[in-house]
Participant: 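Structure provided below as structure tokens; questions to follow.
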Amino acid sequence: MARKASLSGFPEWLPQERLVEQHVLDSLRRTFELHGFSSIETRAVETVEQLLRKGEIDKEVYGLHRLQADEAEGGKAEDKLALHFDLTVPFARYVVENAGHLAFPFRRYQIQKVWRGERPQEGRAREFTQADIDVVGDGELPFRYDVELALVIVEALGALPIPEFKLRVNNRKLAEGFYRGIGLDDTAGVLRSIDKLEKVGPQKVAELLQQELGATAEQAEAALKLASIRSEDTSFAQEVRALGVSNELLDEGLAELEQVIGEASHRAPGRVLADLSIARGLDYYTGTVYETVLVGHEQLGSICSGGRYDALAAKGNRKFPGVGLSIGVTRLVMRILSQEFASASRHVPTAVLVTLADDGSWSQAQDIAAQLRGRGISVEVAAKAEKFGKQIKYADRRGIPFVWFSTDEDGNLNHEVKDIRSGEQVAADPKTWTPPAEDLIPQITSAQ
């Protein structure tokens with residue numbers, strides 16, 4: 001990136017960097033809408049009580065208070081507000097509050113800023129953009145949506161200027177059933193330990209399982225054997241069965257994961273991987289779990305994650321099960337820019353600068369600009385009638401590819417347009433002239 005923001009953890013992009021970010025956002029929107037997802041936006045704040053339903057993460061939450069608030073206002077602790085740190089919890093509230101107005105299954109995408117009090121580093125910011133998609137049902141949600149969302153995300157990420165990636169998929173039922181089958185009943189504790197596998201390694205995880213959860217050496221070894229299984233096709237199922245563990249929940253999760261991997265290996269070969277080490281530490285996931293890494297950039301962490309949740313949203317006896325994934329847009333854009341995976345062809349949207357022959361021609365130049373803009377061409381008009389050479393230099397400095405000249409000969413306006421990159425200058429009519437399609441708007445060039 002060109003430079004760091006002055007306030008750590010709150011990135012600000014230069015115009016050419018922002019063009020790359022907008023390209024990413026536009027591409028994601030386009031893919032999500034092609035698959036029938038509707039856009040929503042939720043408020044930036046939630047009650048602290050609502051936010052902390054997700055787990056013990058209070059240190060990550062930015063609380064909100066008014067500088068000019070009356071000190072005597074008081075207020076209940078549960079009414080205190082904080083900025084949302086993800087989009088899943090606000091979405092669950094949104095579904096519950098608007099259930100009477102939504103058509104289920106409800107397919108939504110949401111692209112918004114979130115705030116999280118983490119230590120800033122590459123790939124982690126305190127203010128960042130997420131892009132989420134979810135499908136939520138009323139009472140039930142067919143498992144087929146777990147398969148569909150994996151395919152949608154693969155398509156969405158595949159359209160971005162990023163390196164190859166792997167969508168890694170596991171199933172919490174499979175894992176929990178296996179742990180119960182080997183006699184480990186604290187399945188949430190085992191999942192939390194397995195979730196640390198990539199950070200601390202198998203030996204340390206085995207120690208954690210034995211010291212903190214009372215697992216035997218044999219149980220720890222079996223849990224790690226399960227976590228070592230990876231496959232791009234459904235052969236992982238035979239490897240799991242070969243471990244000789246029997247459990248009804250294990251069988252259910254195995255069948256579900258086979259559906260995801262079976263369809264993905266057919267429609268997106270090489271991009272989706274059954275990875276039985278994926279745990280996802282959040283307690284509300286109940287089935288499929290997803291994590292995505294860039295190949296060769298695994299140290300960046302997951303760029304897209306999510307899973308199935310059957311009880312996150314509820315209204316009395318009414319349940320709203322869902323499945324969703326969240327893309328870390330800012331994390332992706334940081335890596336795209338720092339590694340120069342993509343760049344903008346120019347720094348400004350302007351395609352044409354209309355020059356001034358003299359100061360009296362400014363209004364006339366605005367007429368020309370209006371005609372061009374009316375056909376979707378981005379135009380600036382020079383502010384001063386400097387020498388044409390200076391006006392051309394201004395366009396070059398701004399990255400504007402075309403310069404428009406108008407001369408008055410016996411009451412007739414003659415127009416010419418110059419491509420200042422090639423030097424070619426031709427007659428032009430403001431009613432009909434259009435730049436080449438690749439110059440109409442800034443193009444994002446991928447180095448991949």
Side-chain angles (χ1 to χ4, degrees), residues 32 35-43 46-57 78 84-110 112 114 130 132-153 169-177 179-180 185-188 191-192 247-257 259-260 278-290 305-326:
F32 296 159
H35 286 269
F37 289 83
S38 300
S39 174
I40 69 163
E41 184 171 295
T42 58
R43 64 199 185 205
E46 299 288 339
T47 65
V48 172
E49 181 184 44
Q50 179 75 17
L51 286 174
L52 297 188
R53 289 178 58 218
K54 191 171 180 179
E56 296 299 323
I57 48 167
E78 61 266 27
H84 59 216
F85 55 81
D86 80 345
L87 300 178
T88 303
V89 173
F91 175 57
R93 173 196 54 77
Y94 177 94
V95 168
V96 170
E97 292 181 358
N98 295 284
H101 305 282
L102 302 176
F104 293 96
F106 178 48
R107 303 163 70 92
R108 87 75 157 96
Y109 79 88
Q110 188 172 350
Q112 272 185 254
V114 298
Q130 286 189 181
D132 286 21
I133 58 169
D134 287 78
V135 181
V136 172
D138 185 357
E140 63 175 5
L141 185 71
F143 180 77
R144 190 155 285 167
Y145 287 111
D146 294 47
V147 183
E148 182 187 357
L149 259 66
L151 298 174
V152 173
I153 283 294
V169 190
N170 195 6
N171 191 290
R172 292 282 280 263
K173 295 177 186 175
L174 187 165
E176 291 180 20
Y179 303 148
R180 290 176 187 172
D185 294 327
D186 185 0
T187 57
L191 284 167
R192 282 193 293 272
N247 181 275
E248 187 176 336
L249 189 62
L250 164 63
D251 293 339
E252 185 180 340
L254 202 56
E256 289 183 351
L257 187 55
Q259 287 187 57
V260 177
I278 300 302
R280 302 293 298 147
L282 299 171
D283 291 340
Y284 62 70
Y285 290 123
T286 55
T288 307
V289 284
Y290 315 90
S305 57
R308 160 76 69 143
Y309 48 89
D310 286 325
L312 184 63
K315 189 175 186 179
N317 293 326
R318 194 176 175 187
K319 303 289 185 184
F320 301 98
V323 59
L325 291 105
S326 175

Participant: Using salt bridge (Lys or Arg N to Asp or Glu O under 4.0 Å) as the criterion, list what pairs up with R93, not counting sequence neighbours.
Facilitator: E46, E97
Participant: Of all heavy-atom pairs between V96 and A313, which one has the smallest distance, and what is that distance?
Facilitator: CG2-CB, 4.1 Å
Participant: Which atoms form the tightest heavy-atom contact between Q130 and F85, and what is the distance?
Facilitator: OE1-O, 4.3 Å
Participant: Donor-acceptor pair, distance only, cut-off 3.5 Å: does the side chain of H84 make one with the backbone of L51?
Facilitator: no
Participant: Donor-acceptor pair, distance only, cut-off 3.5 Å: does the side chain of R280 make one with the backbone of R172?
Facilitator: no
Participant: Hey, does F91 have a side-chain heavy atom less than 4.5 Å from the side chain of D132?
Facilitator: no
Participant: Should the pair K319-D310 be classified as a salt bridge under the 4.0 Å nitrogen-to-oxygen rule?
Facilitator: no
Participant: Checking the side chain of Q112 only, and the main-chain atoms of T42 only, is there a donor and an acceptor separated by less than 3.5 Å?
Facilitator: yes
Participant: Supply the atom-to-atom distance L141 CG to Y309 OH, rounded to the nearest 0.5 angstrom.
Facilitator: 9.0 Å
Participant: What's the spacing between N247 CG and E252 CD if we round to 0.5 Å?
Facilitator: 10.0 Å
Participant: Give the ring-plane orientation class for F106 versus F104, where under 30° counts as parallel, over 60° as perpendicular and anything between as tilted.
Facilitator: perpendicular
Participant: If we ignore angles and hydrogens, is there a donor and acceptor under 3.5 Å between the side chains of Y285 and N170?
Facilitator: no
Participant: Would you say D146 and Y290 make side-chain contact, with heavy atoms under 4.5 Å?
Facilitator: yes
Participant: Roughly how far apart are T286 OG1 and K173 NZ, rounded to 0.5 Å?
Facilitator: 6.5 Å
Participant: Above 12 or not: heavy atoms from other molecules or residues under 6.0 Å from CZ of R43?
Facilitator: yes
Participant: As an exercise, state the distance from CG of D134 to OG1 of T88, rounded to the nearest 0.5 Å.
Facilitator: 6.0 Å
Participant: Could you state the interatomic distance from CG (N171) to CD (E176), rounded to the nearest 0.5 Å?
Facilitator: 9.0 Å
Participant: Between I278 and V169, is there a side-chain heavy-atom distance shorter than 4.5 Å?
Facilitator: no
Participant: Please find the pair of heavy atoms, one from L325 and one from I153, that lie closest to each other, and give the distance.
Facilitator: CD1-CG1, 3.7 Å
Participant: Tell me, do Y109 and H35 make a side-chain contact under 4.5 Å, heavy atoms counted?
Facilitator: no
Participant: OH of Y145 to CZ of R308: how many Å apart, nearest 0.5 Å?
Facilitator: 10.0 Å
Participant: Compare every heavy atom of A279 with every heavy atom of V289, then report the nearest pair and how far apart it is.
Facilitator: CG1-O, 4.3 Å
Participant: Which heavy-atom pair separates Y179 from T187 by the least distance, and what is that distance?
Facilitator: CB-CG2, 4.1 Å
Participant: Please tell me whether E256 and T288 have a donor and an acceptor in their side chains that are separated by less than 3.5 angstrom.
Facilitator: no
Participant: Test F37 against V135 for side chain to side chain contact (heavy atoms under 4.5 Å, CB included), laying out the working first.
Facilitator: CA-CA 9 Å; F37 289 83; V135 181; 3.8 Å; yes
